[in-house]
Amino acid sequence: MTNQAYDWAEIAEFFQNNVYRNYANEQTSILNQWYPVTANTANDNFYYWWQAHVIDVLVDGWERSGDSKYLEKINHLAHGLKAYNGNTFRHNYYDDMEWTALALLRVYDHTGDEWYKHEVMDLWTDIRTAWNDNMGGGMAWKKDQLDYKNTPANAPASILAARLYTRFGSEDDLAWAIRIYEWNRENLVDPATGFVWDGMNRLGDGAIDRDWEFTYCQGVFIGAGLELFAITQDNRYLRDAKRTAQASMERFVDPVTGLLPDEGIDDTGLFKGIFVRYIKLLIDRSPEDTQEWANILQRNGERLWSFDKDPAAAIIGPSWDKKPEGPVQLSVQLSGLMLVEALAR
């Protein structure tokens, strides 16, 4: 995944520095939603889970560079996010808490700081209350809609449980990881192709949202399979991950340009970046047969960078095939940064 014409580490550092320059809000210790800041910033929605992905990309930068400035930003943001959220990381949305726990667990991995472990375990205690018998089991999306089950609430929870087992050895966590994964696989994965559907019973009618096709859902299911394969060495999990990756390539990658799609703004602005994170993990875990994916990520990065060489801008649009225009949301910027960090690392 390297190309001598592109210093991806330098490019990643460029975007990392500009994320804080463009989006930081020193009053709240969290990052603003827009760059440039909109006139009604005070009334902008607070996207809790975007901040988790800020922590994640800062950990990416830290792993790449070893620069302590990243740890300083992580600590500042993590404590600020807890304070801004009411002095807790607990939240109405289970998937949001899962992303926060995954990010904080990565920080703990590098620091051994017990504060991060405590917060992860507190989140995990609350996250487990998502499982209920509606729709035959599975993790609910949010606390005030317990009968709506979706991949965004299940696959990241399986990833989290598997990683907790790997770090701390609780067999109960491994059982959770497997149970959640199997429910997701049986209920929200197309048995014919391996393509992952978003959710079921959103409108209370038991229906699966088969027309909601997102890179995000593919990425997190791939990630869950890879974590369980690493633990169990059961090849079924790896086969599942590769099958979903192949379905993703056929569904989402433009056959002419090799580019991933524009999935819009707001929450969907994060989807491509999350997908890239777990495709990168697949490449790392199975390099012998994922060269095509490595080439695809390279092409996407090259195309993105061709539009972002101006240090005065340093913004990334929702399409990696166009020059970004107008205000850019943090979610969209983070997706592009995840791609660049994946190429750098």
Side-chain angles (χ1 to χ4, degrees), residues 49 90-102 123-165 170-232 234-245 247-248 251 267 271 274-275 278:
W49 81 294
R90 295 192 180 198
H91 200 269
N92 185 48
Y93 289 84
Y94 286 111
D95 57 335
D96 291 18
M97 291 194 292
E98 290 158 17
W99 286 115
T100 302
L102 284 166
L123 281 167
W124 180 225
T125 296
D126 200 33
I127 289 165
R128 291 198 301 269
T129 67
W131 185 278
N132 62 71
D133 292 334
N134 291 307
M135 311 310 297
M139 309 291 275
W141 181 46
K142 57 178 182 170
K143 294 174 181 176
D144 57 357
Q145 193 180 6
L146 293 175
D147 59 352
Y148 173 39
K149 307 296 178 66
N150 64 5
T151 296
N154 281 270
S158 181
I159 295 170
L160 175 62
R163 289 182 178 176
L164 288 172
Y165 169 76
S170 170
E171 294 291 337
D172 188 52
D173 289 339
L174 178 57
W176 271 106
I178 294 171
R179 176 165 63 158
I180 296 166
Y181 180 89
E182 295 299 340
W183 184 92
N184 203 156
R185 186 179 189 272
E186 291 300 315
N187 290 276
L188 292 174
V189 178
D190 183 348
T193 66
F195 188 81
V196 184
W197 298 310
D198 184 83
M200 62 192 303
N201 202 45
R202 178 171 54 89
L203 301 177
D205 56 3
I208 295 174
D209 292 312
R210 288 185 171 86
D211 57 336
W212 282 21
E213 299 184 355
F214 301 125
T215 57
Y216 170 73
C217 295
Q218 320 313 308
V220 290
F221 185 72
I222 290 167
L226 291 173
E227 294 298 340
L228 286 171
F229 173 67
I231 294 168
T232 67
D234 184 338
N235 282 316
R236 181 173 69 94
Y237 296 118
L238 183 58
R239 288 195 301 269
D240 283 353
K242 290 181 178 179
R243 188 165 178 249
T244 295
S248 303
R251 194 73 59 97
D267 284 344
F271 287 2
I274 294 168
F275 175 71
Y278 290 101

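When reading the values below, keep in mind they use all heavy atoms of this one structure, side chains included, and skip hydrogens, waters and symmetry mates. Bear in mind that the values here come from a model prediction, so they are computed numbers and not experimental data.
Judged as a side-chain contact (heavy atoms from CB on, under 4.5 Å), and not counting sequence neighbours, the contacts of Asp211 are Asp209. Applying the side-chain contact (heavy atoms from CB on, under 4.5 Å) criterion to Asn132, with sequence neighbours excluded, gives Asn134, Ala140, Leu146, Lys149. Scanning for salt bridge (charged side-chain N to carboxylate O under 4.0 Å, His left out) contacts around Asp267 gives an empty result, with sequence neighbours left out. Partners of Trp124 according to the side chain to side chain donor-acceptor pair (under 3.5 Å) rule, which considers only residues two or more places apart in sequence or in another chain, are Asp173. For Asp126, the salt bridge (charged side-chain N to carboxylate O under 4.0 Å, His left out) test picks out Arg90, Lys143, with sequence neighbours left out. The side chain to side chain donor-acceptor pair (under 3.5 Å) check on Thr232 picks up nothing, with sequence neighbours excluded. Legend: residues meeting side-chain contact (heavy atoms from CB on, under 4.5 Å) with Asp133, ordered by chain and number and at least two apart, are absent. For Tyr93, the ring-ring contact (aromatic ring centres under 6.0 Å, His included) partners are His91, Trp141, not counting sequence neighbours. Taking the side-chain contact (heavy atoms from CB on, under 4.5 Å) definition, one finds that Arg185 meets it with Tyr181, Glu182, Phe221, Arg236, Asp240, sequence neighbours left out. Applying the side chain to side chain donor-acceptor pair (under 3.5 Å) rule to Tyr148 yields the partners Asp198; only residues at least two apart in sequence or on another chain are considered.
To the nearest 0.5 Å, the span separating OG on Ser248 from CD1 on Ile222 amounts to 4.5 Å. Separating the CG atom in Asn92 from the CG atom in Asp144 is a distance of 4.0 Å, to the nearest 0.5 Å. From Asn184, atom CG reaches atom CD1 of Ile180 across 9.5 Å, with rounding to the nearest 0.5 Å. Here Arg239 contributes atom CZ and Phe229 contributes atom CZ; the two are 10.0 Å apart, rounded to the nearest 0.5 Å.
Nearest heavy atoms, Tyr278 versus Gly223: CD2-CA, 3.5 Å. The two residues Arg243 and Pro191 make their nearest non-hydrogen contact at NH2-O, 2.5 Å. When all heavy atoms are compared, the tightest approach of Ile127 to Ala101 is CD1-CB, 4.4 Å. Closest heavy-atom contact between Ile208 and Asn187: CD1-O, 3.5 Å. When all heavy atoms of Asp147 and Asn201 are compared, the closest pair comes out as O-ND2, 2.8 Å.
Residue pairs meeting the salt bridge (charged side-chain N to carboxylate O under 4.0 Å, His left out) criterion with at least one member in residues 212-225, sequence neighbours excluded, are Glu213-Arg251.
Checked against Phe214 for a ring-ring contact (aromatic ring centres under 6.0 Å, His included), the options Phe271, Trp197, Phe195 give a single hit: Phe271.
Side chains of Thr151 and Tyr216: a donor-acceptor N/O pair is absent below 3.5 angstrom, by distance only.
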Report all side-chain donor-acceptor pairs from residues 155-165 shorter than 3.5 Å, counting only partners two or more places apart or in another chain.
unit_1	atom_1	unit_2	atom_2	d
Ser158	OG	Ala177	O	2.8
Arg163	NE	Glu227	OE2	3.0
Arg163	NH2	Glu227	OE2	3.0

